Amino acid sequence: MEAHMYKNIGENSGIKAYKATAHAIIVYFASGVIYAYTYNSTGKRHIEKMKALAQAGKGLATYINKYVRDKYEEQIY
């Protein structure tokens, strides 16, 4: 599964791309860091909200900073 480029509608996001799976979202930050957030690490409600924001292309970085910042399952890079 390939990553989708984040639309960045607000034009000031630190997010470059994302990859959504059934129970997780992998977020590629502009800084080069990649985090995997999962149902186990953040909860289903947060993951599903993050997927919706990612698809909309707006608000994902703000949501991560406010609600799930350090609740990632794994730092991939």
Side-chain angles (χ1 to χ4, degrees):
M1 176 183 292
E2 292 200 25
H4 301 280
M5 295 304 293
Y6 186 64
K7 292 177 188 170
N8 193 13
I9 292 172
E11 297 181 5
N12 59 351
S13 180
I15 295 175
K16 181 179 176 182
Y18 69 95
K19 187 184 305 183
T21 67
H23 299 146
I25 185 168
I26 299 167
V27 181
Y28 297 74
F29 289 89
S31 66
V33 176
I34 304 168
Y35 290 116
Y37 295 91
T38 68
Y39 279 9
N40 289 334
S41 68
T42 65
K44 179 179 179 178
R45 180 176 59 88
H46 287 303
I47 295 300
E48 294 306 318
K49 179 66 175 180
M50 291 167 67
K51 287 180 190 179
L53 292 169
Q55 191 170 35
K58 185 173 182 188
L60 182 57
T62 300
Y63 189 88
I64 289 171
N65 285 327
K66 189 170 184 179
Y67 298 107
V68 299
R69 184 175 190 92
D70 297 326
K71 295 180 182 175
Y72 52 85
E73 180 83 19
E74 175 184 14
Q75 180 176 347
I76 297 170
Y77 183 80

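If you're wondering where the values come from, they're calculated on a predicted model, not measured in any experiment.
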Completion exercise
Of all heavy-atom pairs linking M50 and I64, the shortest is CE-CG1, 3.7 Å
Fill in the blank from the handout: Sorted by chain and number, sequence neighbours left out, side chain to side chain contact (heavy atoms under 4.5 Å, CB included) with E2 holds for none
Exercise for the section: Report yes or no: do Y39 and Y63 belong to one cluster of Ile/Leu/Val/Met/Phe/Trp/Tyr joined by side chain heavy-atom distances under 4.5 Å? Expected result: yes
Problem - Sequence-distant partners of T21, side chain to side chain contact (heavy atoms under 4.5 Å, CB included), two or more places apart - result: M1, A24
Exercise for the section: Please name all residues satisfying side chain to side chain donor-acceptor pair (under 3.5 Å) with Y67, sequence neighbours left out, ordered by chain then number. Expected result: none
Problem - Pair listing, side-chain hydrogen bond (donor to acceptor under 3.5 Å, both in side chains) test, anchored in residues 5-16, at least two apart - result: none
Completion exercise
Grouping ILVMFWY residues whenever side-chain heavy atoms fall under 4.5 Å, the cluster of I9 otherwise contains none
Handout entry: Over all atoms of both residues, closest heavy-atom pair of A3 and A17
Key = CB-CB, 4.2 Å
Practice task
Tell me, please, which residues at least two apart from K51 pass side chain to side chain donor-acceptor pair (under 3.5 Å).
Solution key: E48
Problem - Which residues share a side chain to side chain contact (heavy atoms under 4.5 Å, CB included) with E73, sequence neighbours left out - result: T38, N40, S41
Exercise for the section: Take atom NZ of K58 as the centre, draw a 6.0 Å sphere, and report whether it contains more than 12 heavy atoms from other residues, nucleotides or ligands. Expected result: no
Exercise for the section: Specify the closest pair of heavy atoms between L53 and G59, including all atoms of both residues, with the distance to one decimal. Expected result: CD1-O, 3.8 Å
Practice task
May I ask whether V27 and Y77 are part of the same hydrophobic cluster, defined by side-chain heavy atoms of I, L, V, M, F, W, Y residues being less than 4.5 angstrom apart, directly or through others?
Solution key: no
Practice task
Give the cluster check for I25 versus Y72: same hydrophobic cluster or not, with ILVMFWY residues linked at side-chain heavy-atom distances below 4.5 Å.
Solution key: yes
Handout entry: ring-ring contact (aromatic ring centres under 6.0 Å, His included) partners for Y28, two or more places apart
Key = none
Exercise for the section: Please list, chain by chain and in numerical order, all residues satisfying side chain to side chain donor-acceptor pair (under 3.5 Å) with N65, sequence neighbours excluded. Expected result: R69
Practice task
Verify side chain to side chain contact (heavy atoms under 4.5 Å, CB included) between Q75 and V33, making sure each step is shown before the conclusion.
Solution key: CA-CA 7 Å; Q75 180 176 347; V33 176; 3.9 Å; yes
Completion exercise
Closest non-hydrogen contact found for Y18 with Q55 is OH-CA, 3.6 Å
Handout entry: Side-chain cluster (under 4.5 Å, hydrophobic types only) that M5 belongs to, other residues
Key = none
Problem - Minimum heavy-atom distance between I15 and A61, given as atom pair plus value - result: CD1-N, 3.5 Å
